Amino acid sequence: MTKSVMIVGVGGQGSLLASKLLGKLAMLKGLDVKVSEVHGMSQRGGSVVTYVRFGEKVYSPIIAEGEADIIISFEKLEAARYAKFLKPGGKIIVNTQTIDPMPVIIGAAEYPHDVLEQLKAKGVDVCELDALTLANQAGSSKAVNIVLMGKAAKQFDIEYASWISAIEATVAARFIELNKKAFELGYNS
Amino acid sequence: MKQLLIGNKAVAEGLYDGGLDVVSSYPGTPSTEITEFLSEKNDIHSEWAPNEKVALEVAYGASLAGKRSACAMKHVGLNVAADPLFTLSYTGVRGGLVICVADDPAMHSSQNEQDSRHYAIAAKVPMLEPADSEEAYLYAKKAFELSEQFDTPVILRMCTRIAHSQSIVDTGIRVDETPKIYVKEPQKYIMMPGNAIKRHPVVEARTAALAEYAESCEFNELELDSTEIGIITSGASYYYVKEALGDSVSILKIGMPNPLPKNLITNFAKRVKKLYVIEELDPIIETFVRNLGIDCVGKELFSPLGEYSQQTIKKAFGIETEAGATAECEIPNRPPMMCAGCPHRGVFYALAKNKITVHGDIGCYTLGAVPPLSALDSTLCMGASISGLHGFNLALGEEAEKKSVAVIGDSTFMHSGMTGLVNIAYNATNSTVIILDNSITGMTGHQQNPTTGYNIKGDPAAKVDLEALCKALGINRVRVVDPYDLKATETAIKEELAVAEPSVIISRRPCVLLKSVTHKPALVVDADKCRSCKKCMGLGCPAISFKNNKAKIYPTLCVGCGVCEQLCPFGAITE
């Protein structure tokens, strides 16, 4: 079965490394894989989304509404924005960090702080995580992405050691230990 | 070797392995990375040209000399390169020549949604269209062979979804191609009427030969399963069809959209009871099919707007889909915005404050259009800010001249702003042009250009002196301001609008995201001094927000540009 994973967040939050890690992992497992992202305008602090799909044979590089097994969100509001992409029985893993979008900054809209509770009330499986605190514990606030991947890892039928191999093959040598630590903290959280 | 490659990297590898020697391009999302990846190869020539027309002409010159050459551009770039393209079709090539063009259905990063396949038809050149990275690699490589075999430039059509998706590619090795020897062939390469008139029949004969080739081209693939439903599709749509319908239908996948294979299509249509044509954007294949007298379902079911997905196909075929649950509340939008410390912000603030009509252009500074600045009045295409301003001022006279400006970036000015500025000087409107010189091509992700002093490889290069250039183009009033100095910026705008002659203001400050730019410490708000006037909020800076009825500056985002500090009437913002 093809696994469909969405990684969502705010431009500049580092979702690229997370998708790279998943891509590498799929390659190591000998699976077919497609990753899709959009550059350009969206990089300037806008909402960003990356699709990762892997399995025996992957056709479409994108994920449509109601198709995602897992949504990994770097920010609360973005989790809610893309919730409709989740399939029945899917899971949202969300960093509890909030980043105000411009309409909120200028007072044209309110940030709905209870948005995850609203989703839970509708029966959505939402798993919250303060990834920033764990990333800092691992040694760098930038490791938020790998902490989240650690948390998400249990949703896949792939053993821990393969994830570690994928991390070793994805990040620069001097950051391997930090990222392994971040992954472990996320995994055990 | 099997690798997970983004479509644009696959194109670069395909061109390189196809024997590419010279690549010249102008950046444009979603095509930019093709040339960036090629610039990492040290045994070929790569460059950023000032615009796409120059780029294609450079590729043409290299081809004339006998080497394999290429250029890459976004769809609207092909409009700029259309002039050489149409006659290049007549001259043909000596070394293979490939034009990579990336369309942008859904306009992720573009001003329109045009379909480049019209160009291949109009210019009578072959076009290849891959559906994933593996095909992007193979088609790019093969394009050089076809180019030389049929003596024609070849267009490789990409789209955003393929250019920026990764899939597995099995790369090969670079062909060892012996360059052709340059010989003078005036009848073939001097396109004056007496020669061109003899080349047109050559073009028609070539199109016929290519149409014959298309019948057996390995890139037009048949998947025969159902006799009930047949689908003709191409590019990204192919995989959406496979995802939605799997092996339950028969498919003719078109990898060469121009010229189309008449017999292949006719025979395919005969095998199925109902024929669908599924293609993003315009009904190019559908029109061809209908012109063959074959009935099909096309744009009445599949929109000419935006991108498709597997869901588009499922809905069209009545397959139920169920979206996930959503929150009850409204989710505020998160539009892209100018970065904290963006040097463009000060200029737009001054323009908006003085209610100036602003003719915009293509680049990051288009974001001056979004609230709260809402500073722009128009954006059309590369260079149109300047020429459009001139026309606007011609139409409305002095009243407009004192209240309107053009804003254009350094790279866009090099691309197609200069001719418009010459026109302002020559045909004399008292227009005011602001060049937003941030020392880089920003929106496409930091490419060098002729004003930066560096070439594509980051090596020192000739640097255009913008002040001297504007003067040489006939503008006597040229002044430079630092957009971080709000007062000076506003004064310059007011003064240049007031004078009765054309003028240029160069707003000079490097892009805040450049690695060479050092940031100052974040500013802080003294909550006791803040009187909640919200003046600083008018800047639309992502680092400033309003919490507990006081302004607040996020230390992780603020780069200490000091613009808000100048704006605060109560001295509440300090270092």
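Being a predicted model, the structure only gives us computed values, none of them experimental. So that the names make sense, note that chain A is the first sequence line, chain B the second, and so on, each numbered from 1.
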If we define contacts as heavy-atom pairs under 4.5 Å, which of [options] has the most with chain B?
options: A:P101, A:G66, A:A80, A:P103; value: A:P101
options: A:P112, A:G90, A:A109; value: A:P112
options: A:I99, A:L86, A:D32, A:V58; value: A:I99
options: A:S60, A:G23, A:A64; value: A:S60

Between atom [atom1] of [X] and atom [atom2] of [Y], what is the distance when rounded to the nearest 0.5 Å?
X: B:M337; Y: A:I106; atom1: CE; atom2: CD1; answer: 10.5 Å
X: A:Y59; Y: B:Y240; atom1: OH; atom2: OH; answer: 15.5 Å
X: A:L77; Y: B:N333; atom1: CG; atom2: CG; answer: 9.5 Å
X: A:K57; Y: B:K242; atom1: NZ; atom2: NZ; answer: 9.0 Å

Check this for me: [X], atom [atom1], are more than 12 non-hydrogen atoms of other residues, nucleotides or ligands nearer than 6.0 Å?
X: A:D157; atom1: CG; result: no
X: B:K315; atom1: NZ; result: no
X: B:K253; atom1: NZ; result: yes
X: A:K3; atom1: NZ; result: yes
X: A:E159; atom1: CD; result: yes
X: A:K20; atom1: NZ; result: no
X: B:D170; atom1: CG; result: yes

Verify, without hydrogens or angle tests, whether [X] (side chain) and [Y] (backbone) share a donor-acceptor contact under 3.5 angstrom.
X: A:R81; Y: B:P332; answer: yes
X: B:Q310; Y: A:I62; answer: yes
X: A:Q118; Y: B:E328; answer: yes

So which atom in [X] and which in [Y] form the shortest heavy-atom distance, rounded to 0.1 Å?
X: A:V33; Y: B:L4; answer: CG1-CD1, 3.6 Å
X: B:A327; Y: A:L119; answer: N-CD2, 3.6 Å
X: B:R161; Y: A:P61; answer: CG-CG, 4.3 Å
X: B:P542; Y: A:M102; answer: N-CE, 4.0 Å
X: A:V115; Y: B:C329; answer: CG2-SG, 4.0 Å
X: A:A83; Y: B:A325; answer: CB-O, 3.5 Å

Which bit of [X] comes within less than 4.5 Å of chain A, counting heavy atoms only: side chain, backbone, both or neither?
X: B:I544; result: backbone
X: B:K314; result: side chain
X: B:Y554; result: side chain
X: B:C342; result: neither
X: B:E307; result: neither

### Query
Between B:Q311 and A:E67, does a side chain to side chain contact (heavy atoms under 4.5 Å, CB included) hold up when you go through it step by step?
CA-CA 10 Å; B:Q311 199 171 36; A:E67 290 186 354; 5.6 Å; no
### Task
Quick one: do B:E243 and A:R53 satisfy salt bridge (charged side-chain N to carboxylate O under 4.0 Å, His left out)? Show the steps, please.
CA-CA 12 Å; B:E243 185 74 36; A:R53 306 189 71 222; 2.8 Å; yes
### Message
Report which part of A:L31 has an atom under 4.5 Å of a heavy atom belonging to chain B: side chain, backbone, both, or neither.
### Response
backbone
### Contacting region of A:Y82 [heavy-atom separation from chain B under 4.5 Å]
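No part of A:Y82 comes within 4.5 Å of chain B.
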### Message
Quick check: under 4.5 Å, non-hydrogen atoms only, which of residues 122-149 of chain A neighbour chain B?
### Response
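Counting heavy atoms that sit under 4.5 Å from chain B, the residues of residues 122-149 of chain A involved are A:K122, A:V124.
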### Query
What do the steps show when you test B:K547 against A:D100 for salt bridge (charged side-chain N to carboxylate O under 4.0 Å, His left out), and what is the final call?
CA-CA 11 Å; B:K547 293 273 148 104; A:D100 286 349; 2.9 Å; yes
### Query
Which is it for B:E322 and A:K87 under the salt bridge (charged side-chain N to carboxylate O under 4.0 Å, His left out) test, yes or no, and what are the steps along the way?
CA-CA 8 Å; B:E322 193 193 340; A:K87 72 161 59 156; over 6 Å; no
### Task
Evaluate the side-chain proximity of A:K34 to B:Q166: yes if any heavy-atom separation is below 4.5 Å, no if none is.
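Of all side-chain heavy-atom pairs linking A:K34 with B:Q166, none is under 4.5 Å.
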### Message
Go through it in stages, so that I can follow the logic: the residues are A:V10 and B:R334, the test is side chain to side chain contact (heavy atoms under 4.5 Å, CB included), and I'd like the CA-CA distance, side-chain angles, deciding distance and then a yes or no.
### Response
CA-CA 8 Å; A:V10 178; B:R334 191 184 296 276; 3.4 Å; yes
